[in-house]
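Bear in mind that the values here come from a model prediction, so they are computed numbers and not experimental data.
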Amino acid sequence: MSKKQSFYIQNDLITLFILFVSVSLLAVYNAQQLEQYDENFVLKQIVWFTIGICIIAAIQYFDLDQLYKASIFIYLTGLLVLAILLVSPESIAKPVNGAKSWFTLPGLSLQPGEFAKMTTVLYTAAVISRHKEKYAASNLKSDFLLLFKILGLTAFPVMLIMLQPDFGTAMVYLFVCGMLIILSGISWKIIGSLILGISSLIGVVLGFIVRFPDIAKEIVGSSNAYQIDRIMTWFNPDQQSADATFNFDRAHMALGSGQLFGKGIGSLQVATPEAQTDFIFSVIGESFGFIGSALVIFLYFMLLYKLVTLGLSMFKHSPFGSYVCFGFMSILLVHVFQNVGMNLGIMPITGIPLLLISYGGSSVLSTMIGLGLVYRVAVEHSIQNDYLFK
């Protein structure tokens, strides 16, 4: 009789993780050949992934019930760290490009806003599942109550992040909030009205910016004027200066020059700014061509598919675990769409990394926390199924 495989061995998630790490190290290695910085990003990325694996392993010591009970304290800790960042002296929190988003310590930089994404998702998942348990038969009143709960939980970290200010990261929170609202089972009458209202507001704001960019710059202030320039470059690049469209142009040139199969490892010719982080996808396109880029997109599709199916199948056992999967799926989805989109020129340029591939300690570790939580959900799903068929 063959030995039964441990519940803690989730082959599909492990395989996907190994593939993503391999792609990340290859892409970062190629980006490093541009010599934009005198640093060994590959070695540092290996260190971050190693620490991340330890984090994933540590999370497995806590079951979903324990995480559910601790979620409020984890959420409040995330808010506290964001608040501490704002009042910290520049010696440990130096503003970068006008935004005070990082703790800068000797040999280490951490971005609390990245970690607070998962702390917010964790507690929001707990609040949604608790609400669903209390209001088994939902109505418009209970749905409005749940809507305000989700919006309120998201508003606190978003306000702290906008004070930095970090518009790109705040948009990620709002997208995740919207996805959880849609997936929480709130009446489509409410969701439809909300979508219509938000879409109208976004349309009016963007229309105002495009029509009156100078006034928009005065409203947001000189420190955030570059955000208006990015939007203008996105809407009408032909009428912008060469300096304003430089990042777009270099990314397009890198992607196009890769053609079908790419130039191979160590053969980059197009220097794209921040190639190891923001424009890592253009490095993949130039190195491995359309085929390599498509395979990377397919990898993300497989991971997103796994998160959706795991969340749906886990719902009957643990709605909390299900919403954790949906929350992490939302974070991954918006990062991939925005990062790949800005490399292709269909989205405005922001500092949002390509999760699991871009270099960066904060993005890697926060993603590993999310993967660790999802892995725990998968473990408990396997345990529940084993009990079910005994």
Side-chain angles (χ1 to χ4, degrees), residues 10-34 36-37 39-53 55-56 114 251 254-307 328-329 331-344 351-372 374-375:
Q10 300 292 322
N11 290 320
D12 45 1
L13 288 174
I14 292 173
T15 301
L16 285 170
F17 177 72
I18 292 173
L19 290 172
F20 272 113
V21 171
S22 301
V23 172
S24 175
L25 295 180
L26 280 174
V28 172
Y29 173 80
N30 262 14
Q32 189 172 284
Q33 306 311 302
L34 296 172
Q36 294 176 345
Y37 298 93
E39 294 185 56
N40 191 335
F41 290 117
V42 175
L43 180 59
K44 289 185 175 181
Q45 190 80 330
I46 291 173
V47 171
W48 293 127
F49 275 126
T50 302
I51 296 173
I53 292 171
I55 291 173
I56 292 174
E114 288 292 324
L255 284 166
S257 66
Q259 299 186 32
L260 187 61
F261 296 105
K263 301 172 183 176
I265 298 174
S267 302
L268 294 188
Q269 296 173 327
V270 182
T272 307
E274 303 300 331
Q276 75 283 354
T277 53
D278 297 352
F279 290 96
I280 195 71
F281 191 75
S282 67
V283 172
I284 293 171
E286 185 178 358
S287 303
F288 307 110
F290 174 80
I291 299 298
S293 302
L295 288 174
V296 170
I297 297 297
F298 179 72
L299 271 183
Y300 279 112
F301 172 79
M302 292 301 295
L303 180 54
L304 289 168
Y305 176 78
K306 173 62 181 178
L307 294 172
F328 181 65
M329 178 271 293
I331 293 175
L332 187 66
L333 179 62
V334 67
H335 271 264
V336 173
F337 183 81
Q338 169 59 33
N339 186 276
V340 174
M342 76 179 189
N343 276 265
L344 295 175
I352 293 179
L354 187 60
L355 295 187
L356 291 170
I357 293 181
S358 290
Y359 166 79
S362 296
S363 64
V364 169
L365 294 183
S366 62
T367 305
M368 293 300 98
I369 292 172
L371 276 177
V374 168
Y375 200 95

- Could you give the distance from CD1 (I352) to CZ (F337), rounded to the nearest 0.5 Å? 11.5 Å
- Message: Which heavy atom of I14 sits nearest to which heavy atom of Y375, and what is that distance?
- Response: CD1-OH, 3.4 Å
- Item | Working for side-chain contact (heavy atoms from CB on, under 4.5 Å), residues L295 and F288 | CA-CA 10 Å; L295 288 174; F288 307 110; over 6 Å; no
- Item | Evaluation steps, side-chain contact (heavy atoms from CB on, under 4.5 Å), between F328 and T367 | CA-CA 9 Å; F328 181 65; T367 305; 4.0 Å; yes
- Note on the structure: Residues S293 and F281: closest non-hydrogen pair is CB-CZ, 3.7 Å
- Query: What pairs with S257 under side chain to side chain donor-acceptor pair (under 3.5 Å), at least two apart in sequence or on another chain?
  - Reply: K263
- Query: With sequence neighbours left out, what residues match S287 under side chain to side chain donor-acceptor pair (under 3.5 Å)?
  - Reply: N30
- Go through the structure and list residues passing side chain to side chain donor-acceptor pair (under 3.5 Å) with E39, not counting sequence neighbours. K44
- Between L19, I357, V340, which is the residue that forms a side-chain contact (heavy atoms from CB on, under 4.5 Å) with V296? I357
- Task: Considering non-hydrogen atoms only, spot the tightest contact between Q32 and V42 and give its length.
- Result: OE1-N, 3.1 Å
- Task: Identify the heavy atoms of D278 and M342 that sit nearest to each other, and give their distance.
- Result: O-CE, 3.1 Å
- Of all the heavy-atom pairs spanning L356 and S24, show the shortest one and how long it is. O-CB, 3.4 Å
- Note on the structure: Tightest non-hydrogen contact, residues F20 and L303, listed as CE1-CD2, 3.9 Å
- Task: Applying side-chain contact (heavy atoms from CB on, under 4.5 Å), run through L333 and Y300 and close with a yes or a no.
- Result: CA-CA 9 Å; L333 179 62; Y300 279 112; over 6 Å; no
